[in-house]
Amino acid sequence: MPNTATETPAGDGSPETVPRRRRWWSRWPDLAVRLAVVWSVLYGTAALYWALGGDGYPFGRVHEDRSSGSILEPSRAEAVAPALAAFCALGVVAGVMMLKRLGTGRVREVLLGYGWVAGISLALLIPDYSLLGLLAFSPVLIVFAFTGVPGPQDMGDILYWHRGNLMIVFVGGLLWVAATLAYQRRTSGRCVHCGRAPRGSGRRTDPVRLRVWGRRAVWLAVLSTLPYDITRIAWYFDVPLGITDAFLKEMRDTPNMLEIGLALGVVSTLGSLLTHGLIAGWGEVWPRWVWWKKGRTIHPATAVVPAGLVAAVLIPGGLMAVRGFEAASWGITGPAILWVVWGAALGAATYLYYLRRRGVCRSCEQG
């Protein structure tokens, strides 16, 4: 159980118990399981509604302008919706058992198996590249929310239901990953907050090895971005790298198409440069060019949260590129296949950065 109090000397020399202030996010293990159960109830109810013939089934065949690249699309509601409802019903049962910390032996393995399968499937396998696109263009979308979308389109042409549903599914996957991680740590004897093994177990992390492996993961992530960056920049300068001349002409004749491709290539390059912060000194102490915070220690969450989110949304986009790959025009989807490598390497580098910088745990007081 997490420590919620600490002993300090009282006036008579005897120890006195003083409550320790706990921040709301310290309750994430229980909160994640509860939210995963709530998500399963709500989405399972919606799936049952679709199975009974209700409108709004988000994986059905629709016009190309309103479709997504999910592995479940297009599919028939009467075939997939009941399976989704059953899947969510199992999630409710598994989540309640995790919340009550039930399960040993085979039962524990089944609960962990369901939790990890649910988390990975919902967060990485079912979504498409939409989450990555929305993240990359989020500053522009915020502006569009107030000024409107230039041209004949509106926000409904960007944030339509099939795409919004994938965002809901992705959030459910993240909740199940967090819930399963918390349950796994609790039932293995590790600290549920930091993941450290019990004192005296002899299992400790070596900061030198963490930095070495972190450097390797960062360089793998950086190298995996280069094909995408190079092709998009080449197209902007009229070089049909990996595409036909006709396709390049089509993009040239489409207003702002090449400029958007160049912007994505630049954003990708900037992202790979920021990845170096996971192994560099300016990723631990605010550098001089951030003048309002220079010299202060960077809280690990400042890097872990955005880097982890980017790593998570890269993998579905890369898997979608695998499904849509065509050798004749390899420049379109070929470089994007490496987003899977980029996401996995970035996720590994982020985790190693977290292990190296997690500090003293308020719960188990190790570190």
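The model shown is predicted, which means the values in this text are computed figures rather than measured ones. Computed from heavy atoms alone, side chains included, the values below leave out hydrogens, waters and symmetry copies.
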Between atom [atom1] of [X] and atom [atom2] of [Y], what is the distance when rounded to the nearest 0.5 Å?
X      : Y      : atom1 : atom2 : result
Glu250 : Asp245 : CD    : CG    : 13.0 Å
Leu262 : Arg232 : CG    : CZ    : 11.5 Å
Leu166 : His162 : CG    : NE2   : 9.0 Å
Leu111 : Leu90  : CG    : CG    : 10.5 Å
Tyr228 : Ile337 : OH    : CD1   : 13.5 Å
Trp213 : Arg356 : CH2   : CZ    : 15.5 Å

Donor-acceptor contacts, no H, no angles, side chain residues 114-143, under 3.5 Å, sequence neighbours left out:
| residue | atom | partner | partner atom | Å |
| --- | --- | --- | --- | --- |
| Tyr114 | OH | Phe87 | O | 2.7 |
| Tyr114 | OH | Gly91 | N | 3.1 |
| Trp116 | NE1 | Gln184 | OE1 | 3.0 |
| Ser121 | OG | Val117 | O | 2.7 |
| Asp128 | OD1 | Ser130 | N | 2.9 |
| Asp128 | OD1 | Ser130 | OG | 2.8 |
| Asp128 | OD2 | Gly69 | N | 2.7 |
| Asp128 | OD2 | Ser130 | OG | 3.2 |
| Ser130 | OG | Arg163 | NE | 3.2 |
| Ser138 | OG | Leu135 | O | 2.9 |

Quick one: does [X]'s side chain get under 4.5 Å of [Y]'s, heavy atoms only?
X      : Y      : value
Met98  : Thr180 : yes
Val218 : Tyr353 : no
Leu346 : Leu278 : yes
Trp161 : Arg66  : no
Arg357 : Val304 : no

Under 4.5 Å between side-chain heavy atoms, hopping through other hydrophobics if needed: is there a path connecting [X] to [Y]?
X      : Y      : answer
Leu264 : Trp342 : yes
Leu273 : Ile230 : yes
Trp330 : Met251 : yes
Val171 : Leu72  : yes
Leu270 : Val290 : no

**Report entry** Intermediate values then yes/no, side chain to side chain contact (heavy atoms under 4.5 Å, CB included), Ser188 and Arg108
**Finding:** CA-CA 10 Å; Ser188 64; Arg108 175 180 179 272; 3.8 Å; yes
Would you please name every residue forming a salt bridge (charged side-chain N to carboxylate O under 4.0 Å, His left out) with [X], sequence neighbours left out?
X      : value
Arg76  : Glu78
Arg252 : Asp238
Arg61  : none

Taking only distance into account, with no hydrogens and no angle test, what donor-acceptor pairs under 3.5 Å do side-chain atoms of residues 220-227 form with protein atoms, sequence neighbours excluded?
| residue | atom | partner | partner atom | Å |
| --- | --- | --- | --- | --- |
| Ser224 | OG | Leu220 | O | 3.4 |
| Ser224 | OG | Ala221 | O | 2.7 |
| Thr225 | OG1 | Val222 | O | 2.7 |

Query raised in the report: Does a side-chain N-to-carboxylate-O contact under 4.0 Å join Asp253 and Lys249?
Result: yes
Do [X] side-chain atoms and [Y] backbone N/O form a donor-acceptor pair below 3.5 Å?
X      : Y      : answer
Trp282 : Gly277 : no
Arg185 : Val192 : yes
Arg101 : Thr187 : no

Query raised in the report: Hey, is OH on Tyr354 packed in by over 12 heavy atoms from elsewhere, all under 6.0 Å?
Result: yes
Search all heavy atoms of [X] against all heavy atoms of [Y] and return the closest pair with its distance.
X      : Y      : value
Ser268 : Asp229 : OG-OD1, 2.7 Å
Leu102 : Tyr183 : O-OH, 2.6 Å
Tyr236 : Leu258 : CD1-O, 3.8 Å
Trp28  : Ala182 : CZ3-CB, 4.0 Å
Ala178 : Ala32  : CB-CB, 3.7 Å

Requested in this report: Might you work through the side chain to side chain contact (heavy atoms under 4.5 Å, CB included) test for Glu326 and Ile332, ending with a clear yes or no?
Outcome: CA-CA 8 Å; Glu326 294 181 3; Ile332 300 175; over 6 Å; no
Identify all side-chain donor-acceptor contacts of residues 35-57 below 3.5 Å with residues at least two apart in sequence or on another chain.
| residue | atom | partner | partner atom | Å |
| --- | --- | --- | --- | --- |
| Trp39 | NE1 | Ile168 | O | 3.1 |
| Ser40 | OG | Ala36 | O | 2.9 |
| Ser40 | OG | Trp176 | NE1 | 3.2 |
| Tyr43 | OH | Asn165 | OD1 | 2.7 |
| Thr45 | OG1 | Val41 | O | 2.7 |
| Tyr49 | OH | Asp55 | N | 3.4 |
| Trp50 | NE1 | Asp55 | O | 3.4 |
| Tyr57 | OH | Ser75 | OG | 2.7 |

